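Single-structure report; data block below.
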Amino acid sequence: MGEGPWPHFLSFSSFPQIDKYLYAMRLSDETLLDIMARFKKEMKNGLSRDFNPTAIVKMLPTFVRSIPDGSEKGDFIALDLGGSSFRILRVQVNHEQNQNVLMESEIYDTPESIMHGSGSQVAFRSCRECLGDFMEKKKIKDKKLPVGFTFSFPCRQSKIDEAILITWTKRFKASGVEGTDVVKLLEKAIKKRGDYDANIVAVVNDTVGTMMTCGYDDQQCEVGLIIGTGTNACYMEELRHIDLVEGDEGRMCINTEWGAFGDDGALEDIRTEFDREIDRGSLNPGKQLFEKMVSGMYMGELVRLILVKMAKEGLLFEGRITPELLTRGKFNTSDVSAIEKNKEGLHNAKEILTRLGVEPSDDDCISVQHVCTIVSFRSANLVAATLGAILNRLRDNKSTPRLRTTVGVDGSLYKTHPQYSRRFHKTLRRLVPDCDVRFLLSESGSGKGAAMVTAVAYRLAEQHRQIQETLAHFSLTKDMLLEVKRRMRAEMDLGLKKETHDKAVVKMLPSFVRSTPDGTEHGDFLALDLGGTNFRVLLVKIRSGKKRSVEMHNKIYAIPIEIMQGTGEELFDHIVSCISDFLDYMGIKGPRMPLGFTFSFPCKQTNLDVGILITWTKGFKATDCVGHDVVTLLRDAIKRREEFDLDVVAVVNDTVGTMMTCAYEEPTCEVGLIVGTGSNACYMEEMKNVEMLEGTEGRMCINMEWGAFGDNGCLDDIRTIYDKMVDEYSLNAGKQRYEKMISGMYLGEIVRNILIDFTKRGFLFRGQISEPLKTRGIFQTKYLSQIESDRLALLQVRAILQQLGLNSTCDDSILVKTVCGVVSKRAAQLCGAGMAAVVDKIRENRGLDHLNVTVGVDGTLYKLHPHFSRIMHQTVKELSPKCNVSFLLSEDGSGKGAALITAVGVRLREGSS
């Protein structure tokens, strides 16, 4: 039997008479693997909403969400109730260079009132007195220190500072406590005494306390294990698997309460007659059956029952049976440990058995040692199987082929039994060969751990408060949004009026587009689309009549950065060479075709085919363009090439192009909106309100250039320090302030600045600012959209952050997601407030009580972001209740719109000639 779960000296031949008895206690690896699988299933049931009510292994959420990260500091009190004594500790955690933890403790007898008292009032009275005594001794009555309470019984928690006792275990029996919140009971008792105050911040199970104590020294620790009077384990589970707790992000420590494994009969095949006898004589028959096969409270008793039975059958002590041998509690687990010691084990056996009056022979001593070994070895094997199931689960959760982890351990049996830990580790390695486990002994029990949990809870509460306080600057009330709407409206009026137009920041530029398409447009048109790093040339074939159709062909050309920032001639020569390539590609070089030019930069138009560039935006810087007519620049470049001629009919802003594209499908579309790299809007205004132009009849599309809203300081009261930072470091500081709070090009920058600040304040990335985080522009719109997608599990958010070179924990990822959400929500609301001003102006222009209108929309942020459009629509609805606004996504961008405007222009030109 060299290999396998038993040491060679326990081979069958040497102790035939004992093996007949204890054969059932020898568990093969096959059986242990089977038990491991059963326990794994029990864990799954305990975590699931449907099975938890009937599950035996309760898998209780502890609301402890992370192990210590070393930044815990402060002065705490820890109470430890659940064993033979009641400990009170003062724990001072100081995290200067050498993670310093100062502990002073007092040990009190566990109050009789809590062991067997009657009534919930009485139960915690003596705890209160002990705590009062402790505070007096330490002179800290007036300090109101945060208290962590280690309470080693199965409790239901719905938050970290409450614990509803499910059932007493380990000979505790005080009545009136089960089903009530022990924190409330203790607080009530303290209040009644009235001369000191205690702020109970956290309640933890001793198992969790052990994990946290060890976690302070080893960040890899994610399992807590107790093998002492009782037995239990806890581990860090993924929140998404914990049905009983809201949310699916991050992790939470689960207290398995594994002592109850088998209470439904799942272990009947391996329980022996001795296990049944122990259970019958216990305070809680039928309960904690696994614990009764494993833990120190019952082990000595198991051995005693076996010895009695063997003596009765004449196999030991020549059949002598003494009153001592028949007395419960005369043979303890400490005796088992003494008998199994390597050198003096047999000597100890003789002493202990002599004390029981059975006059043992040398053979008797050897046999008793053998019995002890089998009983304690079975315990180690069973715990290895259940722990193996937890480790397997951790490995599955992380989906890694090998798990490296640390288990924090405490408990008298594990600590004092001479062979237990070695055998236990050995079996575990065989059962889970793909796990590398380090065992860390908890030196200071669970008190330090309770202080850690308290410190973490305290730190998280404080951090949470500071984070909320910071992010509150981004939250806009309905009143604030109505104020933004009112200001946008005021700025629109200033831009339209003759005497204020020059000073106005929202320029309200006439586009000379006087009507939306009516369906009679016909012909072949070229369209150019320049507005970002790419440049598109399109051929658009529009057919009118019954079979109205638009057929489009296009090709995309890049604009190198040196041309974006070179001379104007270079830029327009590049554009014309791209057009030339396209005409060849389509085989249409020859006839002079009408062309519409989508030019997405602020232009002052004096006619449909004249657009004087007011200013470059979006990273363009070409010289000799600002103040010039871009149509003339284009015509000059075509002349310079001397290869083909084009009829430039219209220069169109992309917003206007978008409106026209959508209006071709939907006649009620009279507003255009772009929310992409930049942001802008246009709408059909009454000519009588456009004071810059002659004539009062009909309407004209106004290109608002609303990105500049706020450039006169009218939004300063809602701009945050982060908005100001983004503006200061941008290419056009002080300009396009509204756009910088809304559009894709800048949202990522706002997020990045918040993340840097949070990292400096120690809320993120362990306080380490990495190179990527210092890099401007790393958070592109697509990343923000992915991070905020509801379908993404946290691991995927971490993966995105990893791609960006940011090593994040689960907690980091949650915070990053929150920050993205806050920033994009504000963007959508601000955009909605601007839009509300526009649709209400149209409604008032027309003297309507109710307006139905459609907005044509384009832009990556609007299209890709999972929540932007929904929040924006909602905001418009709330701020303009008298307008029924529909939003139509422009499928074909603004190129088709430019062609339609060109077609309308050609039609009007031919009509007037």
Side-chain angles (χ1 to χ4, degrees), residues 3-6 27-44 46-47 57 59 62 64 66-67 207-208 210-227 231-242 250-258 261 290 294 377-411 413-415 419-442 795 798 809-810:
E3 270 312 295
W6 301 99
L27 305 172
S28 66
D29 278 4
E30 198 181 344
T31 306
L32 292 174
L33 286 167
D34 182 40
I35 291 168
M36 191 158 111
R38 291 182 217 177
F39 186 65
K40 204 169 175 187
K41 187 163 171 274
E42 295 288 351
M43 287 167 71
K44 204 171 166 192
L47 289 171
V57 178
M59 303 296 283
T62 64
V64 170
S66 68
I67 55 172
T207 320
V208 182
T210 298
M211 180 187 81
M212 295 297 278
T213 298
C214 296
Y216 188 69
D217 299 316
D218 181 345
Q219 296 268 300
Q220 299 278 300
C221 182
E222 45 191 353
V223 182
L225 173 64
I226 302 257
I227 315 173
T231 181
N232 192 10
C234 68
Y235 71 102
M236 297 301 290
E237 175 60 87
E238 303 297 316
L239 204 50
R240 64 177 186 274
H241 295 149
I242 308 173
R251 306 201 299 169
M252 184 179 285
C253 180
I254 288 289
N255 165 17
T256 63
E257 286 296 339
W258 76 12
F261 179 33
F290 179 72
V294 164
F377 213 127
R378 178 183 70 158
S379 166
N381 281 334
L382 286 171
V383 178
T386 46
L387 180 63
I390 289 179
L391 295 174
N392 255 332
R393 191 166 170 94
L394 280 174
R395 202 194 64 225
D396 294 350
N397 284 349
K398 297 182 183 186
S399 44
T400 76
R402 275 198 93 73
L403 174 73
R404 294 190 75 98
T405 192
T406 298
V407 175
V409 206
D410 200 356
L413 183 57
Y414 182 91
K415 281 182 169 171
Q419 321 287 340
Y420 195 95
S421 58
R422 187 179 48 79
R423 293 172 183 161
F424 163 59
H425 298 170
K426 202 167 165 186
T427 302
L428 185 70
R429 276 199 295 274
R430 277 201 321 277
L431 295 181
V432 282
D434 42 16
C435 298
D436 300 318
V437 186
R438 173 181 184 218
F439 286 92
L440 194 54
L441 206 51
S442 159
L795 273 162
R798 279 173 81 178
T809 62
C810 290

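Since this is a predicted model, take the numbers as computed values, not measurements. Numbers here are sequence positions counted from 1.
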(request) In sequence, state the C-alpha distance, the side-chain angles, and the governing distance for Asp436 and Arg429, and then conclude on salt bridge (charged side-chain N to carboxylate O under 4.0 Å, His left out). (result) CA-CA 8 Å; Asp436 300 318; Arg429 276 199 295 274; over 6 Å; no
(request) Look at atom NZ of Lys40 and say whether more than 12 heavy atoms of other residues, nucleotides or ligands are closer to it than 6.0 Å. (result) yes
(message) Can you tell me how far apart CG (Leu394) and SG (Cys435) are? Round to the nearest 0.5 Å.
(response) 8.0 Å
(request) Decide yes or no for Val409 and Thr210: does some side-chain heavy atom of the first lie under 4.5 Å from some side-chain heavy atom of the second? (result) no
(request) First locate atom NE2 of His241, then atom CG of Asp396, and finally report the distance between them rounded to the nearest 0.5 Å. (result) 9.0 Å
(request) Run the numbers on Leu32 and Thr427 for side-chain contact (heavy atoms from CB on, under 4.5 Å), then give the verdict. (result) CA-CA 9 Å; Leu32 292 174; Thr427 302; 3.9 Å; yes
(request) Measure across Asp410 and Ser442 and return the closest heavy-atom pair with its distance rounded to 0.1 Å. (result) OD2-OG, 3.9 Å
(request) Kindly write out the residues that satisfy salt bridge (Lys or Arg N to Asp or Glu O under 4.0 Å) with Glu222, not counting sequence neighbours, or none if the list is empty. (result) Arg251, Lys398
(request) Can you measure from CE (Met43) to CG (Asn392) and round to the nearest 0.5 angstrom? (result) 9.5 Å
(request) Please list, chain by chain and in numerical order, all residues satisfying side chain to side chain contact (heavy atoms under 4.5 Å, CB included) with Thr406, sequence neighbours excluded. (result) Asp218, Gln220, Cys221, Arg438, Leu440
(message) So, using salt bridge (Lys or Arg N to Asp or Glu O under 4.0 Å) as the criterion, who are the partners of Arg422 when residues are at least two apart?
(response) none
(message) What I'd like to find out is whether the side chain of Asp34 reaches to under 4.5 Å of the side chain of Arg38, using heavy atoms alone.
(response) yes
(message) For a quick check under 3.5 Å, do Tyr235 and Thr405 share a side-chain donor-acceptor pair by atom type?
(response) no
(request) Would you please name every residue forming a side-chain hydrogen bond (donor to acceptor under 3.5 Å, both in side chains) with Thr31, sequence neighbours left out? (result) Ser28
(request) With the side chain counted from C-beta on, respond yes when Ile390 and Thr256 share a heavy-atom pair under 4.5 Å apart, and no when they do not. (result) yes
(message) Side chains of Met236 and Met252, heavy atoms from C-beta outward: is any pair under 4.5 Å?
(response) no
(request) To the nearest 0.5 angstrom, please state how far the OG atom of Ser379 sits from the OH atom of Tyr414. (result) 12.5 Å
(message) Going by the rule ring pair (Phe, Tyr, Trp, His ring centres under 6.0 Å), which residues pair with Phe424 if we only count those two or more places apart in sequence or in a different chain?
(response) Phe439
(message) What I'd like to find out is whether the side chain of Glu257 reaches to under 4.5 Å of the side chain of Val57, using heavy atoms alone.
(response) no
(message) If only side-chain N and O atoms count, and only distance matters, is there a donor-acceptor pair under 3.5 Å linking Asn255 with Thr207?
(response) no
(message) Please give me the minimum heavy-atom distance between Leu382 and Ile35, naming the atom from each residue.
(response) CD2-CD1, 3.8 Å
(message) If you define the side chain from C-beta out and look only at heavy atoms, does anything of Leu428 sit under 4.5 Å from Leu391?
(response) yes
(message) Side chains of Cys253 and Glu237, heavy atoms from C-beta outward: is any pair under 4.5 Å?
(response) no
(request) Mind checking the CZ-OG1 spacing from Phe261 to Thr231? Nearest 0.5 Å is all I need. (result) 12.0 Å
(message) Using 0.5 Å steps for rounding, measure from the CG atom of Asn397 to the CD atom of Glu238.
(response) 5.0 Å
(message) Can you list everything that forms a salt bridge (Lys or Arg N to Asp or Glu O under 4.0 Å) with Arg395? Sequence neighbours excluded, please.
(response) Asp434
(message) With a 4.5 Å cut-off on side-chain heavy atoms, are Val383 and Tyr420 touching?
(response) yes
